[in-house]
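Just so you know, ligand 1 is whichever comes first in the structure, and atom 1 is the first atom listed for that ligand.
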Amino acid sequence: MTKQPSHDDNRLPVTVLGLGPMGRALAEAFLTNRHPTTVWNRSAGKAADLVERGALRTDTAAEAVAASRLTIVCVLDDKALHAVLDPIGPGLSGRTLVNLTSGPPESARATAAWAAAHGADYLDGAILTPVATIGQPSAVVLYSGSKALYEAHHSTLASIGGTAVHLGSSVDRSAAYDMALLDIFWTTMSGIVHGFALAAKEGIPAKELMPFARGISTILPGIMDNLAHNIDAGHHPGTGSTIVSATAGMDHVIHTAQAHGIDVSVLNAARAVTRRAIDEGHGTNGFSHLADMLGKPAPAN
Ligand SMILES: NC(=O)c1ccc[n+]([C@@H]2O[C@H](COP(=O)([O-])OP(=O)(O)OC[C@H]3O[C@@H](n4cnc5c(N)ncnc54)[C@H](OP(=O)(O)O)[C@@H]3O)[C@@H](O)[C@H]2O)c1
């Protein structure tokens, strides 16, 4: 162990396991709010400035867990989480583990069962916003698991900032929301970089495209609200635009991108989905129809 932390005696101690960009931001937020903060990371050397600010660094994850009743774990993935926590095993007994590592719902369920088997209380969580938001009003974090446990730690977790939402006692809910939202995010990001690649080949610098690209982001909320309404209603009118029309638009983009030698695998995959809807006789429906269709098995060829 290194240096005694400076802290407020009324603030509960917190341990942070994992000092990647997000784990470091979490530790900084707890330090800012004067929680006695203990940190540990697999690779040495990432805690120096946190120790300067008053954090306690331990040599082992087990020592870090022993230092606080509440441990936050935020590492790359589920495999990394178990690489860190499995050796501690019984050392988690009587402690609370809050897992802010992104992962699928099945991992949340399995880790909750694993924690329970070791006598630890467990909350799963998902951070929806980037590192720069942590400790700020713009942070958004979802939690799931025991409501009583969440309420017991709510004031400490509030250091993470912004909006915290408890989604219910089913421990996999935050991961389920996270996966759906990351699905939206990464498919959108794939389209954005593809559009910039096409623009570049047409001699349009990214910054010149931006005013119009930003325009797309301003119309998307209204479009998403409308899609969500139709999906929940199970009603997919093609009054504003049909799947046939959307497919024609995709064809133009694929043609243009191919002419420039740009990889069109992302758009081809999107077009295969609209093509299936047309083949199944739903080409005059609106785009929301695809959300219904994607949940059903594709017909065998
Ligand atoms: N960064 C963001 O803006 C952001 C936003 C929302 C959610 N998240 C989520 O937060 C989590 C952490 O993200 P991050 O940005 O901090 O960086 P990251 O690259 O996802 O994770 C880095 C951390 O994982 C540790 N790690 C990786 N493999 C390990 C292993 N086999 N054993 C032990 N530790 C291992 C690293 O330790 P070493 O330093 O030793 O490599 C480091 O502490 C992820 O699940 C991510 O999806 C991040």
message = Using the rule given for salt bridge (Lys or Arg N to Asp or Glu O under 4.0 Å), can you reason through Asp49 versus Arg53, listing the C-alpha separation, both sets of side-chain angles and the distance that settles it, and then say yes or no?
response = CA-CA 6 Å; Asp49 54 335; Arg53 290 195 53 193; over 6 Å; no
ask   = So which of Ala126, Ser102, Gly18 gets nearest to atom 9 (C) of ligand 1, if we judge by its closest heavy atom?
value =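 It is Ser102 whose heavy atom sits nearest to atom 9 (C) of ligand 1.
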task = Considering the heavy atoms of Thr101, write down every atom of ligand 1 situated less than 4.0 Å from one of them.
result =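 Checking each atom against Thr101, I get 45 (O).
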query = Considering only heavy atoms of Val131, which atoms of ligand 1 have at least one such atom less than 4.0 Å away?
reply = 1 (N), 2 (C), 3 (O)
query = For ligand 1, is Thr129 a contact, meaning one of its heavy atoms is under 4.0 Å away?
reply = yes
ask   = For the atom pair NE2 (His82) and CG (Asp78), what is the distance rounded to the nearest 0.5 Å?
value =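 If I round to the nearest 0.5 Å, the distance is 4.5 Å.
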Write out the residue and atom name of the closest protein heavy atom to [atom], then the distance separating them to 0.1 Å.
atom                    : result
atom 7 (C) of ligand 1  : Ile127 O, 3.5 Å
atom 31 (N) of ligand 1 : Arg42 NH1, 3.3 Å
atom 39 (O) of ligand 1 : Lys46 NZ, 2.6 Å

Validation: residues 196-213 side-chain donor-acceptor distances under 3.5 Å, sequence neighbours left out:
unit_1	atom_1	unit_2	atom_2	d
Glu202	OE2	His260	NE2	2.7

ask   = Could an N or O of ligand 1 be found under 3.5 Å from any N or O of Leu19, whether backbone or side chain?
value = yes
Donor-acceptor pairs under 3.5 angstrom involving side-chain atoms of residues 229-237: please list them, not counting sequence neighbours.
unit_1	atom_1	unit_2	atom_2	d
His236	ND1	Ser288	OG	2.7
His236	ND1	His289	N	3.3
His236	NE2	Asp292	OD2	2.8

